[in-house]
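Whatever order the structure lists ligands and atoms in, that order sets their numbers, starting from 1. The model shown is predicted, which means the values in this text are computed figures rather than measured ones.
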Amino acid sequence: MEEGKMDENEWGYHGEGNKSLVVAHAQRCVVLRFLKFPPNRKKTSEEIFQHLQNIVDFGKNVMKEFLGENYVHCGEVVQLPLEFVKQLCLKIQSERPESRCDKDLDTLSGYAMCLPNLTRLQTYRFAEHRPILCVEIKPKCGFIPFSSDVTHEMKHKVCRYCMHQHLKVATGKWRQISRYCPLDLYSGNKQRMHFALKSLLQEAQNNLKIFKNGELIYGCKDARSPVADWSELAHHLKPFFFPSNGLASGPHCTRAVIRELVHVITRVLLSGSDKGRAGTLRLGLGPQGPRVCEASPFSRSLRCQGKNTPERSGLPKGCLLYKTLQVQMLDLLDIEGLYPLYNRVERYLEEFPEERKTLQIDGPYDEAFYQKLLDLSTEDDGTVAFALTKVQQYRVAMTAKDCSIMIALSPCLQDASSDQRPVVPSSRSRFAFSVSVLDLDLKPYESIPHQYKLDGKIVNYYSKTVCAKDNAVMSTRFKESEDCTLVLHKV
Ligand SMILES: O=P(O)(O)O[C@@H]1[C@@H](OP(=O)(O)O)[C@H](OP(=O)(O)O)[C@H](O)[C@H](OP(=O)(O)O)[C@H]1OP(=O)(O)O
Ligand SMILES: Nc1ncnc2c1ncn2[C@@H]1O[C@H](COP(=O)(O)OP(=O)(O)OP(=O)(O)O)[C@@H](O)[C@H]1O
(Lines give C-alpha, C1' and ligand atoms only; values in the text may rest on other atoms or scores of the structure.)
(Ligands and ions follow the chains in the order given, each with its own letter.)
Protein backbone atom coordinates (compact mmCIF):
# COMPACT_ATOMS: atom_id res chain seq x y z
CA MET A 1 0.00 0.00 0.00
CA GLU A 2 1.31 3.40 -0.90
CA GLU A 3 0.40 5.14 2.33
CA GLY A 4 0.32 8.71 1.12
CA LYS A 5 -1.98 7.85 -1.75
CA MET A 6 -4.77 6.11 0.12
CA ASP A 7 -8.10 7.61 -0.93
CA GLU A 8 -11.30 6.19 0.57
CA ASN A 9 -13.20 7.11 -2.60
CA GLU A 10 -11.29 4.44 -4.50
CA TRP A 11 -12.63 1.71 -2.21
CA GLY A 12 -16.14 0.33 -1.88
CA TYR A 13 -17.95 -1.94 0.56
CA HIS A 14 -17.62 -5.55 -0.60
CA GLY A 15 -18.93 -7.80 2.17
CA GLU A 16 -18.55 -8.98 5.71
CA GLY A 17 -18.89 -11.92 8.00
CA ASN A 18 -18.98 -12.27 11.75
CA LYS A 19 -15.38 -11.25 12.34
CA SER A 20 -14.15 -9.24 9.39
CA LEU A 21 -15.25 -6.64 6.87
CA VAL A 22 -13.94 -6.42 3.32
CA VAL A 23 -13.63 -3.43 1.00
CA ALA A 24 -12.60 -3.72 -2.64
CA HIS A 25 -10.57 -1.35 -4.78
CA ALA A 26 -12.57 0.04 -7.70
CA GLN A 27 -9.86 -0.53 -10.32
CA ARG A 28 -7.20 -2.73 -8.85
CA CYS A 29 -7.71 -6.39 -8.17
CA VAL A 30 -7.24 -6.15 -4.39
CA VAL A 31 -9.31 -6.04 -1.23
CA LEU A 32 -8.64 -4.88 2.32
CA ARG A 33 -9.90 -7.11 5.09
CA PHE A 34 -10.41 -5.42 8.46
CA LEU A 35 -11.14 -7.10 11.78
CA LYS A 36 -14.37 -6.29 13.58
CA PHE A 37 -15.05 -6.27 17.31
CA PRO A 38 -18.02 -5.75 19.66
CA PRO A 39 -18.18 -2.03 20.58
CA ASN A 40 -16.70 -2.36 24.07
CA ARG A 41 -14.09 -5.00 23.32
CA LYS A 42 -11.20 -3.00 21.91
CA LYS A 43 -7.77 -4.54 21.46
CA THR A 44 -4.40 -2.86 21.35
CA SER A 45 -2.76 -2.13 17.99
CA GLU A 46 -0.04 -4.63 18.81
CA GLU A 47 -2.63 -7.35 19.54
CA ILE A 48 -4.40 -6.64 16.26
CA PHE A 49 -1.17 -6.70 14.29
CA GLN A 50 -0.25 -10.04 15.89
CA HIS A 51 -3.72 -11.46 15.22
CA LEU A 52 -3.49 -10.53 11.53
CA GLN A 53 0.08 -11.78 11.23
CA ASN A 54 -1.05 -15.09 12.76
CA ILE A 55 -3.75 -15.37 10.08
CA VAL A 56 -1.15 -14.84 7.35
CA ASP A 57 1.28 -17.33 8.94
CA PHE A 58 -1.42 -19.93 9.42
CA GLY A 59 -2.38 -19.63 5.75
CA LYS A 60 1.25 -19.91 4.62
CA ASN A 61 2.50 -22.66 6.92
CA VAL A 62 -0.58 -24.80 7.42
CA MET A 63 -3.39 -24.24 4.93
CA LYS A 64 -1.15 -23.93 1.88
CA GLU A 65 0.43 -27.23 2.85
CA PHE A 66 -2.91 -28.96 3.28
CA LEU A 67 -4.91 -27.41 0.47
CA GLY A 68 -2.29 -26.50 -2.11
CA GLU A 69 -0.66 -23.23 -2.94
CA ASN A 70 -2.80 -22.38 -5.94
CA TYR A 71 -5.93 -22.40 -3.85
CA VAL A 72 -4.74 -20.40 -0.86
CA HIS A 73 -4.01 -16.66 -0.98
CA CYS A 74 -2.55 -15.49 2.29
CA GLY A 75 -2.12 -11.81 1.53
CA GLU A 76 -0.10 -9.55 3.80
CA VAL A 77 -0.62 -7.30 6.77
CA VAL A 78 -0.62 -3.63 5.82
CA GLN A 79 -0.54 -0.46 7.88
CA LEU A 80 -2.92 2.24 6.71
CA PRO A 81 -3.24 5.93 7.56
CA LEU A 82 -5.73 6.26 10.42
CA GLU A 83 -7.55 9.11 8.69
CA PHE A 84 -8.12 6.90 5.63
CA VAL A 85 -9.58 4.11 7.77
CA LYS A 86 -11.83 6.55 9.64
CA GLN A 87 -13.20 8.07 6.45
CA LEU A 88 -13.62 4.64 4.84
CA CYS A 89 -15.58 3.42 7.86
CA LEU A 90 -17.95 6.40 7.63
CA LYS A 91 -18.32 5.94 3.87
CA ILE A 92 -19.35 2.29 3.99
CA GLN A 93 -21.47 2.32 7.16
CA SER A 94 -24.80 2.77 5.33
CA GLU A 95 -24.12 -0.27 3.12
CA ARG A 96 -23.60 -2.68 5.96
CA PRO A 97 -26.46 -5.11 6.68
CA GLU A 98 -28.16 -4.31 9.96
CA SER A 99 -27.62 -7.83 11.29
CA ARG A 100 -23.83 -7.30 11.09
CA CYS A 101 -23.73 -3.95 12.84
CA ASP A 102 -23.39 -5.49 16.30
CA LYS A 103 -19.64 -5.30 15.67
CA ASP A 104 -17.54 -2.30 14.65
CA LEU A 105 -14.75 -2.12 12.16
CA ASP A 106 -11.38 -1.69 13.82
CA THR A 107 -10.46 1.91 13.01
CA LEU A 108 -7.94 2.40 15.77
CA SER A 109 -5.01 0.15 14.92
CA GLY A 110 -4.59 1.09 11.25
CA TYR A 111 -3.82 -2.54 10.41
CA ALA A 112 -5.65 -4.67 7.84
CA MET A 113 -4.93 -7.52 5.47
CA CYS A 114 -4.39 -6.84 1.81
CA LEU A 115 -5.50 -9.76 -0.39
CA PRO A 116 -6.17 -10.41 -4.06
CA ASN A 117 -9.79 -9.82 -4.97
CA LEU A 118 -10.90 -13.40 -5.40
CA THR A 119 -14.07 -12.44 -7.23
CA ARG A 120 -11.76 -11.65 -10.14
CA LEU A 121 -9.76 -14.24 -12.03
CA GLN A 122 -6.42 -14.81 -10.41
CA THR A 123 -3.18 -14.29 -12.35
CA TYR A 124 -4.25 -10.72 -13.16
CA ARG A 125 -3.00 -7.86 -11.06
CA PHE A 126 -5.49 -5.47 -12.54
CA ALA A 127 -9.19 -5.99 -12.93
CA GLU A 128 -9.98 -7.59 -16.25
CA HIS A 129 -12.21 -5.85 -18.70
CA ARG A 130 -13.74 -9.12 -19.75
CA PRO A 131 -16.90 -9.97 -17.79
CA ILE A 132 -16.34 -12.17 -14.78
CA LEU A 133 -18.77 -14.29 -12.89
CA CYS A 134 -17.88 -15.53 -9.43
CA VAL A 135 -19.68 -18.06 -7.25
CA GLU A 136 -18.83 -18.20 -3.55
CA ILE A 137 -19.87 -21.30 -1.63
CA LYS A 138 -19.55 -21.90 2.10
CA PRO A 139 -20.00 -25.68 1.99
CA LYS A 140 -19.76 -26.37 5.78
CA CYS A 141 -19.04 -29.80 7.28
CA GLY A 142 -19.14 -32.56 4.68
CA PHE A 143 -19.08 -35.67 6.86
CA ILE A 144 -21.01 -37.35 9.63
CA PRO A 145 -18.93 -37.92 12.78
CA PHE A 146 -17.38 -41.36 12.94
CA SER A 147 -15.96 -41.02 16.45
CA SER A 148 -16.92 -43.63 19.02
CA ASP A 149 -17.12 -40.81 21.57
CA VAL A 150 -20.37 -39.59 20.03
CA THR A 151 -23.18 -40.24 22.49
CA HIS A 152 -26.16 -38.89 20.55
CA GLU A 153 -27.23 -41.58 18.08
CA MET A 154 -28.77 -38.90 15.88
CA LYS A 155 -25.30 -37.50 15.12
CA HIS A 156 -24.45 -40.75 13.32
CA LYS A 157 -27.45 -40.32 11.03
CA VAL A 158 -28.05 -36.65 10.37
CA CYS A 159 -25.30 -34.16 9.58
CA ARG A 160 -24.70 -31.08 11.71
CA TYR A 161 -25.73 -28.64 8.97
CA CYS A 162 -29.12 -30.28 8.49
CA MET A 163 -29.75 -30.43 12.23
CA HIS A 164 -28.56 -26.86 12.77
CA GLN A 165 -30.98 -25.59 10.11
CA HIS A 166 -33.90 -26.26 12.44
CA LEU A 167 -32.38 -24.32 15.32
CA LYS A 168 -31.51 -21.44 12.99
CA VAL A 169 -35.07 -21.18 11.68
CA ALA A 170 -36.47 -21.46 15.22
CA THR A 171 -34.26 -18.59 16.40
CA GLY A 172 -35.15 -16.44 13.38
CA LYS A 173 -31.70 -16.45 11.77
CA TRP A 174 -33.19 -17.72 8.52
CA ARG A 175 -36.70 -17.84 7.18
CA GLN A 176 -36.89 -21.43 6.01
CA ILE A 177 -35.08 -24.75 6.11
CA SER A 178 -32.69 -25.28 3.25
CA ARG A 179 -32.73 -28.46 1.15
CA TYR A 180 -28.96 -28.20 0.85
CA CYS A 181 -26.97 -30.93 2.57
CA PRO A 182 -23.16 -30.68 2.55
CA LEU A 183 -22.86 -34.47 2.18
CA ASP A 184 -24.52 -34.21 -1.21
CA LEU A 185 -22.06 -31.57 -2.36
CA TYR A 186 -19.06 -33.54 -1.08
CA SER A 187 -20.33 -36.83 -2.50
CA GLY A 188 -18.55 -36.56 -5.85
CA ASN A 189 -21.75 -37.94 -7.37
CA LYS A 190 -22.79 -35.50 -10.09
CA GLN A 191 -26.51 -35.93 -9.58
CA ARG A 192 -26.21 -35.30 -5.85
CA MET A 193 -23.92 -32.34 -6.44
CA HIS A 194 -26.40 -30.84 -8.90
CA PHE A 195 -29.12 -31.25 -6.31
CA ALA A 196 -26.97 -29.61 -3.62
CA LEU A 197 -26.10 -26.64 -5.82
CA LYS A 198 -29.66 -26.16 -6.94
CA SER A 199 -30.76 -26.26 -3.31
CA LEU A 200 -28.19 -23.57 -2.49
CA LEU A 201 -29.58 -21.46 -5.31
CA GLN A 202 -33.07 -21.88 -3.89
CA GLU A 203 -32.15 -20.96 -0.33
CA ALA A 204 -28.77 -19.25 -0.35
CA GLN A 205 -28.60 -18.17 3.32
CA ASN A 206 -24.93 -17.42 3.99
CA ASN A 207 -23.78 -20.42 1.96
CA LEU A 208 -23.95 -18.98 -1.56
CA LYS A 209 -23.19 -15.65 -3.18
CA ILE A 210 -22.82 -14.74 -6.84
CA PHE A 211 -20.81 -11.77 -8.08
CA LYS A 212 -20.75 -10.29 -11.57
CA ASN A 213 -17.71 -8.15 -12.31
CA GLY A 214 -17.02 -8.02 -8.59
CA GLU A 215 -20.55 -6.85 -7.67
CA LEU A 216 -22.85 -9.00 -5.56
CA ILE A 217 -25.85 -9.98 -7.71
CA TYR A 218 -27.25 -12.92 -5.76
CA GLY A 219 -27.23 -14.04 -2.13
CA CYS A 220 -29.05 -12.97 0.99
CA LYS A 221 -27.78 -10.85 3.83
CA ASP A 222 -30.15 -11.96 6.59
CA ALA A 223 -33.62 -13.36 7.25
CA ARG A 224 -35.15 -10.06 6.13
CA SER A 225 -33.63 -10.26 2.64
CA PRO A 226 -36.13 -10.55 -0.19
CA VAL A 227 -36.81 -14.00 -1.63
CA ALA A 228 -34.32 -14.98 -4.31
CA ASP A 229 -35.43 -14.20 -7.83
CA TRP A 230 -34.21 -16.80 -10.34
CA SER A 231 -35.47 -14.95 -13.40
CA GLU A 232 -33.42 -11.90 -12.43
CA LEU A 233 -30.40 -14.13 -11.84
CA ALA A 234 -30.91 -15.82 -15.20
CA HIS A 235 -31.07 -12.39 -16.84
CA HIS A 236 -27.57 -11.65 -15.46
CA LEU A 237 -26.20 -15.07 -16.38
CA LYS A 238 -27.66 -15.47 -19.87
CA PRO A 239 -24.90 -13.57 -21.71
CA PHE A 240 -22.32 -15.84 -20.05
CA PHE A 241 -23.93 -19.14 -20.93
CA PHE A 242 -25.80 -18.32 -24.15
CA PRO A 243 -23.63 -15.55 -25.63
CA SER A 244 -24.74 -15.56 -29.23
CA ASN A 245 -28.07 -17.22 -28.96
CA GLY A 246 -31.42 -15.54 -28.86
CA LEU A 247 -32.83 -17.85 -26.20
CA ALA A 248 -36.22 -16.36 -25.41
CA SER A 249 -36.76 -15.24 -21.85
CA GLY A 250 -39.31 -16.92 -19.59
CA PRO A 251 -39.28 -19.97 -17.33
CA HIS A 252 -37.70 -22.20 -19.99
CA CYS A 253 -34.78 -19.80 -20.37
CA THR A 254 -34.41 -19.44 -16.60
CA ARG A 255 -34.24 -23.20 -16.15
CA ALA A 256 -31.74 -23.62 -18.98
CA VAL A 257 -29.44 -20.93 -17.59
CA ILE A 258 -29.57 -22.26 -14.03
CA ARG A 259 -28.87 -25.77 -15.31
CA GLU A 260 -25.79 -24.53 -17.18
CA LEU A 261 -24.54 -22.75 -14.08
CA VAL A 262 -25.04 -25.82 -11.89
CA HIS A 263 -23.27 -28.08 -14.39
CA VAL A 264 -20.30 -25.76 -14.82
CA ILE A 265 -19.84 -25.29 -11.07
CA THR A 266 -20.00 -29.06 -10.56
CA ARG A 267 -17.32 -29.60 -13.22
CA VAL A 268 -15.09 -26.97 -11.69
CA LEU A 269 -15.54 -28.42 -8.20
CA LEU A 270 -14.55 -31.85 -9.47
CA SER A 271 -11.50 -30.55 -11.30
CA GLY A 272 -8.10 -30.98 -9.75
CA SER A 273 -6.62 -27.80 -11.03
CA ASP A 274 -3.93 -27.50 -8.40
CA LYS A 275 -0.64 -28.01 -10.17
CA GLY A 276 1.47 -26.41 -7.47
CA ARG A 277 4.28 -28.08 -5.55
CA ALA A 278 2.35 -28.13 -2.34
CA GLY A 279 -1.06 -29.61 -1.87
CA THR A 280 0.35 -33.09 -1.62
CA LEU A 281 -2.01 -33.72 1.20
CA ARG A 282 -0.26 -35.70 3.84
CA LEU A 283 -3.32 -36.72 5.79
CA GLY A 284 -4.65 -39.64 3.78
CA LEU A 285 -7.77 -40.01 5.90
CA GLY A 286 -9.93 -42.60 4.19
CA PRO A 287 -13.70 -42.36 3.77
CA GLN A 288 -15.30 -42.85 7.15
CA GLY A 289 -18.81 -42.54 8.52
CA PRO A 290 -22.11 -42.83 6.66
CA ARG A 291 -22.23 -41.76 3.00
CA VAL A 292 -25.51 -39.95 3.28
CA CYS A 293 -27.34 -37.79 5.73
CA GLU A 294 -30.77 -39.11 6.54
CA ALA A 295 -32.24 -35.62 6.51
CA SER A 296 -31.09 -34.80 2.99
CA PRO A 297 -34.12 -34.54 0.69
CA PHE A 298 -32.04 -36.27 -1.98
CA SER A 299 -31.52 -39.44 0.00
CA ARG A 300 -35.06 -39.28 1.38
CA SER A 301 -36.36 -39.13 -2.16
CA LEU A 302 -34.35 -42.19 -3.14
CA ARG A 303 -35.68 -44.03 -0.13
CA CYS A 304 -39.25 -43.01 -1.03
CA GLN A 305 -38.67 -44.53 -4.44
CA GLY A 306 -37.40 -47.73 -2.83
CA LYS A 307 -33.87 -47.17 -4.11
CA ASN A 308 -30.73 -47.85 -2.16
CA THR A 309 -28.41 -45.13 -0.96
CA PRO A 310 -26.55 -43.60 -3.91
CA GLU A 311 -23.20 -44.93 -4.99
CA ARG A 312 -20.23 -43.20 -3.43
CA SER A 313 -18.65 -41.74 -6.54
CA GLY A 314 -15.95 -40.15 -4.43
CA LEU A 315 -14.20 -36.89 -5.01
CA PRO A 316 -11.07 -36.77 -7.18
CA LYS A 317 -8.05 -36.38 -4.91
CA GLY A 318 -6.77 -33.19 -6.53
CA CYS A 319 -9.95 -31.21 -6.11
CA LEU A 320 -10.40 -28.59 -3.44
CA LEU A 321 -13.51 -30.22 -1.98
CA TYR A 322 -11.56 -33.44 -1.36
CA LYS A 323 -8.73 -31.58 0.31
CA THR A 324 -11.06 -29.46 2.40
CA LEU A 325 -12.91 -32.56 3.55
CA GLN A 326 -9.65 -34.19 4.59
CA VAL A 327 -8.77 -31.20 6.74
CA GLN A 328 -12.28 -31.19 8.24
CA MET A 329 -11.76 -34.82 9.19
CA LEU A 330 -8.89 -33.81 11.45
CA ASP A 331 -11.81 -33.58 13.86
CA LEU A 332 -11.22 -37.24 14.64
CA LEU A 333 -12.90 -37.38 18.02
CA ASP A 334 -15.87 -35.08 17.56
CA ILE A 335 -16.43 -32.30 20.08
CA GLU A 336 -17.73 -34.91 22.54
CA GLY A 337 -14.39 -36.73 22.55
CA LEU A 338 -12.41 -33.51 22.30
CA TYR A 339 -13.95 -31.58 25.18
CA PRO A 340 -12.40 -33.69 27.98
CA LEU A 341 -9.02 -33.27 26.27
CA TYR A 342 -9.53 -29.51 26.14
CA ASN A 343 -10.25 -29.63 29.87
CA ARG A 344 -6.98 -31.51 30.39
CA VAL A 345 -5.07 -28.74 28.60
CA GLU A 346 -7.00 -26.13 30.60
CA ARG A 347 -6.10 -27.76 33.93
CA TYR A 348 -2.46 -27.85 32.87
CA LEU A 349 -2.55 -24.18 31.88
CA GLU A 350 -4.17 -23.22 35.18
CA GLU A 351 -1.20 -24.79 36.94
CA PHE A 352 1.43 -23.58 34.49
CA PRO A 353 0.06 -20.44 32.80
CA GLU A 354 3.50 -19.50 31.48
CA GLU A 355 3.41 -22.66 29.30
CA ARG A 356 0.73 -21.18 27.03
CA LYS A 357 3.43 -19.78 24.77
CA THR A 358 5.40 -23.02 24.54
CA LEU A 359 2.24 -24.93 23.71
CA GLN A 360 1.67 -22.52 20.78
CA ILE A 361 -1.94 -21.93 21.76
CA ASP A 362 -1.90 -18.43 20.24
CA GLY A 363 0.81 -19.07 17.68
CA PRO A 364 3.27 -18.90 16.17
CA TYR A 365 1.65 -21.01 13.47
CA ASP A 366 4.90 -22.18 11.99
CA GLU A 367 6.38 -25.35 10.46
CA ALA A 368 6.59 -27.02 13.91
CA PHE A 369 2.90 -26.31 14.52
CA TYR A 370 2.08 -27.85 11.14
CA GLN A 371 4.17 -30.99 11.71
CA LYS A 372 2.35 -31.79 14.95
CA LEU A 373 -0.97 -31.75 13.10
CA LEU A 374 0.08 -34.77 11.07
CA ASP A 375 -0.10 -37.13 14.02
CA LEU A 376 -3.42 -38.89 13.51
CA SER A 377 -3.20 -41.34 16.41
CA THR A 378 -6.26 -41.58 18.61
CA GLU A 379 -4.68 -43.68 21.35
CA ASP A 380 -4.86 -41.49 24.44
CA ASP A 381 -1.75 -41.97 26.56
CA GLY A 382 -3.08 -39.56 29.16
CA THR A 383 -0.54 -36.84 28.37
CA VAL A 384 -1.03 -33.13 27.87
CA ALA A 385 0.88 -33.49 24.59
CA PHE A 386 -1.76 -35.87 23.20
CA ALA A 387 -4.59 -33.63 24.37
CA LEU A 388 -2.95 -30.57 22.87
CA THR A 389 -2.42 -32.22 19.47
CA LYS A 390 -6.10 -33.19 19.30
CA VAL A 391 -7.17 -29.69 20.39
CA GLN A 392 -5.03 -28.05 17.68
CA GLN A 393 -6.28 -30.53 15.05
CA TYR A 394 -9.84 -29.75 16.08
CA ARG A 395 -9.27 -26.01 15.67
CA VAL A 396 -7.85 -26.58 12.18
CA ALA A 397 -10.75 -28.89 11.27
CA MET A 398 -13.27 -26.29 12.46
CA THR A 399 -11.56 -23.71 10.29
CA ALA A 400 -11.98 -25.95 7.25
CA LYS A 401 -15.62 -26.51 8.18
CA ASP A 402 -16.26 -22.77 8.01
CA CYS A 403 -14.19 -21.66 5.00
CA SER A 404 -15.58 -20.54 1.63
CA ILE A 405 -14.72 -21.53 -1.91
CA MET A 406 -14.60 -18.90 -4.64
CA ILE A 407 -14.99 -19.93 -8.26
CA ALA A 408 -14.27 -17.22 -10.82
CA LEU A 409 -15.38 -17.83 -14.41
CA SER A 410 -14.49 -15.73 -17.42
CA PRO A 411 -15.81 -16.56 -20.90
CA CYS A 412 -13.10 -17.36 -23.42
CA LEU A 413 -13.31 -17.70 -27.19
CA GLN A 414 -13.82 -21.19 -28.61
CA ASP A 415 -10.39 -21.33 -30.23
CA ALA A 416 -8.39 -18.97 -28.04
CA SER A 417 -5.66 -20.36 -25.85
CA SER A 418 -6.48 -19.90 -22.18
CA ASP A 419 -3.18 -18.38 -21.03
CA GLN A 420 -2.49 -21.74 -19.39
CA ARG A 421 -5.48 -21.33 -17.13
CA PRO A 422 -7.85 -24.28 -16.88
CA VAL A 423 -10.95 -24.11 -19.04
CA VAL A 424 -14.40 -25.55 -18.38
CA PRO A 425 -16.88 -26.01 -21.21
CA SER A 426 -20.62 -25.41 -20.97
CA SER A 427 -23.11 -26.30 -23.74
CA ARG A 428 -22.70 -23.02 -25.62
CA SER A 429 -19.52 -21.44 -24.23
CA ARG A 430 -16.22 -22.00 -22.47
CA PHE A 431 -14.82 -20.41 -19.34
CA ALA A 432 -11.34 -19.89 -18.02
CA PHE A 433 -11.64 -20.41 -14.29
CA SER A 434 -9.86 -20.11 -10.99
CA VAL A 435 -10.72 -21.70 -7.67
CA SER A 436 -9.64 -20.19 -4.35
CA VAL A 437 -10.43 -20.68 -0.72
CA LEU A 438 -11.02 -17.90 1.77
CA ASP A 439 -11.67 -17.28 5.44
CA LEU A 440 -8.92 -19.53 6.71
CA ASP A 441 -8.57 -17.90 10.13
CA LEU A 442 -7.69 -20.49 12.72
CA LYS A 443 -10.58 -20.89 15.16
CA PRO A 444 -9.69 -19.70 18.66
CA TYR A 445 -8.84 -22.11 21.43
CA GLU A 446 -11.36 -20.26 23.62
CA SER A 447 -14.26 -21.18 21.35
CA ILE A 448 -14.14 -24.87 22.31
CA PRO A 449 -16.53 -24.67 25.32
CA HIS A 450 -18.95 -22.73 23.11
CA GLN A 451 -18.69 -25.45 20.46
CA TYR A 452 -19.44 -28.09 23.06
CA LYS A 453 -22.55 -26.29 24.31
CA LEU A 454 -23.78 -25.46 20.82
CA ASP A 455 -23.38 -29.06 19.70
CA GLY A 456 -25.62 -30.27 22.54
CA LYS A 457 -28.16 -27.56 21.81
CA ILE A 458 -28.33 -28.41 18.08
CA VAL A 459 -28.77 -32.14 18.66
CA ASN A 460 -31.23 -31.77 21.51
CA TYR A 461 -33.36 -29.32 19.59
CA TYR A 462 -33.38 -31.55 16.52
CA SER A 463 -34.09 -34.73 18.46
CA LYS A 464 -36.83 -33.31 20.64
CA THR A 465 -38.56 -30.98 18.24
CA VAL A 466 -37.97 -32.25 14.76
CA CYS A 467 -37.98 -36.00 15.18
CA ALA A 468 -41.18 -35.76 17.17
CA LYS A 469 -42.77 -33.95 14.27
CA ASP A 470 -41.05 -35.86 11.53
CA ASN A 471 -44.02 -36.02 9.24
CA ALA A 472 -44.65 -32.32 9.48
CA VAL A 473 -41.02 -31.61 8.71
CA MET A 474 -41.09 -33.90 5.70
CA SER A 475 -43.85 -31.80 4.28
CA THR A 476 -41.94 -28.52 4.74
CA ARG A 477 -38.71 -29.80 3.19
CA PHE A 478 -40.32 -31.31 0.13
CA LYS A 479 -44.02 -31.47 -0.28
CA GLU A 480 -44.27 -34.85 -1.94
CA SER A 481 -41.79 -37.43 -3.02
CA GLU A 482 -42.92 -36.96 -6.65
CA ASP A 483 -42.15 -33.29 -6.36
CA CYS A 484 -38.62 -34.11 -5.24
CA THR A 485 -38.20 -36.70 -8.00
CA LEU A 486 -39.18 -34.07 -10.53
CA VAL A 487 -36.53 -31.70 -9.27
CA LEU A 488 -33.86 -34.40 -9.50
CA HIS A 489 -34.70 -35.09 -13.11
CA LYS A 490 -34.74 -31.48 -14.13
CA VAL A 491 -31.19 -30.56 -13.17
O1 LIG B 1 -20.93 -22.78 14.42
P2 LIG B 1 -21.54 -22.60 13.07
O3 LIG B 1 -21.54 -23.84 12.26
O4 LIG B 1 -22.88 -21.96 13.16
O5 LIG B 1 -20.63 -21.60 12.24
C6 LIG B 1 -20.52 -20.19 12.48
C7 LIG B 1 -21.06 -19.47 11.26
O8 LIG B 1 -22.44 -19.69 11.20
P9 LIG B 1 -23.17 -20.53 10.05
O10 LIG B 1 -23.66 -21.76 10.71
O11 LIG B 1 -22.20 -20.79 8.95
O12 LIG B 1 -24.29 -19.65 9.64
C13 LIG B 1 -20.83 -17.97 11.36
O14 LIG B 1 -21.27 -17.40 10.15
P15 LIG B 1 -22.33 -16.20 10.17
O16 LIG B 1 -21.77 -15.15 11.07
O17 LIG B 1 -23.60 -16.76 10.68
O18 LIG B 1 -22.43 -15.77 8.74
C19 LIG B 1 -19.35 -17.67 11.53
O20 LIG B 1 -18.67 -18.09 10.36
C21 LIG B 1 -18.79 -18.38 12.74
O22 LIG B 1 -17.38 -18.24 12.73
P23 LIG B 1 -16.64 -17.20 13.66
O24 LIG B 1 -17.13 -17.45 15.04
O25 LIG B 1 -17.01 -15.87 13.15
O26 LIG B 1 -15.20 -17.50 13.48
C27 LIG B 1 -19.07 -19.88 12.68
O28 LIG B 1 -18.70 -20.41 13.94
P29 LIG B 1 -17.63 -21.57 14.12
O30 LIG B 1 -18.39 -22.70 14.67
O31 LIG B 1 -17.06 -21.91 12.78
O32 LIG B 1 -16.65 -21.00 15.05
N1 LIG C 1 -9.97 -12.03 -0.86
C2 LIG C 1 -11.27 -11.78 -1.08
N3 LIG C 1 -11.68 -11.45 -2.31
C4 LIG C 1 -12.99 -11.17 -2.54
N5 LIG C 1 -13.94 -11.20 -1.61
C6 LIG C 1 -13.58 -11.54 -0.36
C7 LIG C 1 -12.23 -11.83 -0.02
N8 LIG C 1 -12.18 -12.13 1.29
C9 LIG C 1 -13.45 -12.03 1.74
N10 LIG C 1 -14.29 -11.67 0.77
C11 LIG C 1 -15.75 -11.44 0.86
O12 LIG C 1 -16.04 -10.91 2.14
C13 LIG C 1 -16.94 -11.78 2.84
C14 LIG C 1 -16.59 -11.79 4.31
O15 LIG C 1 -15.26 -12.28 4.46
P16 LIG C 1 -14.91 -13.46 5.46
O17 LIG C 1 -15.69 -14.67 5.13
O18 LIG C 1 -13.44 -13.60 5.47
O19 LIG C 1 -15.45 -12.83 6.81
P20 LIG C 1 -15.48 -13.46 8.25
O21 LIG C 1 -16.03 -12.43 9.15
O22 LIG C 1 -14.14 -14.00 8.58
O23 LIG C 1 -16.51 -14.65 8.05
P24 LIG C 1 -17.21 -15.56 9.14
O25 LIG C 1 -18.57 -15.01 9.37
O26 LIG C 1 -17.25 -16.90 8.47
O27 LIG C 1 -16.36 -15.56 10.37
C28 LIG C 1 -16.81 -13.13 2.15
O29 LIG C 1 -17.98 -13.88 2.27
C30 LIG C 1 -16.52 -12.74 0.71
O31 LIG C 1 -17.72 -12.48 0.00
If you measure every N/O of Pro116 against every N/O of ligand 2, is any gap under 3.5 Å? yes
In this structure, atom 24 (P) of ligand 2 is nearest to the protein heavy atom Asp439 OD2, 3.4 Å
Among Lys173, Arg160, Lys103, closest by heavy atom to atom 3 (O) of ligand 1 is Arg160
The answer for which part of Glu16 has a heavy atom under 4.0 Å from ligand 1 is neither
Practice prompt. Would you check the N or O atoms of Lys443, main chain and side chain alike, for any that come under 3.5 Å of an N or O of ligand 2?
Written response: no
Practice problem: Report yes or no: do Gln393 and Lys390 form a side-chain donor-acceptor pair below 3.5 Å? | Solution: yes
With Glu16 as partner, the option from Arg33, Lys103, Lys36 fulfilling side-chain hydrogen bond (donor to acceptor under 3.5 Å, both in side chains) is Lys36
If you scan protein heavy atoms around atom 28 (C) of ligand 2, the nearest is Glu136 OE2, 3.3 Å
* Backbone or side chain, does any N or O of Trp174 fall under 3.5 Å from an N or O of ligand 1? -> no
*Looking only at heavy atoms of Asp441, does any of them come nearer than 4.0 Å to an atom of ligand 1?*
no
*asked:* Measuring from non-hydrogen atoms of Gln451 to any atom of ligand 1, is the shortest distance under 4.0 Å?
replied: yes
Within 4.0 Å of some non-hydrogen atom of Asn117, the atoms of ligand 2 are 3 (N), 4 (C)
among protein heavy atoms, the one nearest atom 11 (O) of ligand 1 is Lys140 NZ, 2.9 Å
Out of Lys168, Gln205, His164, the nearest non-hydrogen contact to atom 4 (O) of ligand 1 is supplied by His164
Restricting to heavy atoms, the pick from Arg395, Lys138, His450 nearest atom 13 (C) of ligand 1 would be Lys138
Note: Lys443, heavy atoms under 4.0 Å from ligand 1, region reported as side chain
### Message
Whether the side chain of Asn207 engages the backbone of Lys138 through a donor-acceptor N/O pair (distance < 3.5 Å, no angle test) should be reported.
### Response
yes
Are any of the N or O atoms of Glu16 closer than 3.5 Å to those of ligand 2? no
re atom 25 (O) of ligand 1, the protein heavy-atom contact at minimum distance is Asn18 ND2, 2.8 Å
closest protein heavy atom to atom 20 (O) of ligand 1 is Asp402 OD2, 2.7 Å
heavy-atom search around atom 12 (O) of ligand 2 in the protein gives Val22 CG2, 3.5 Å
Quiz item: Is the closest N or O pair between Thr119 and ligand 2 shorter than 3.5 Å?
Solution: no
Ligand 2 atoms nearer than 4.0 angstrom to some heavy atom of Leu118 are 1 (N), 2 (C), 3 (N), 4 (C)
> Any N/O of Lys19 closer than 3.5 Å to an N/O of ligand 1?
Replying inline: yes
Exercise. Return a yes/no value for Asp441: is any of its N or O atoms, backbone included, closer than 3.5 angstrom to an N or O of ligand 2?
Key: no
### Side-chain donor-acceptor contact under 3.5 Å, Asp455 with Tyr339
no
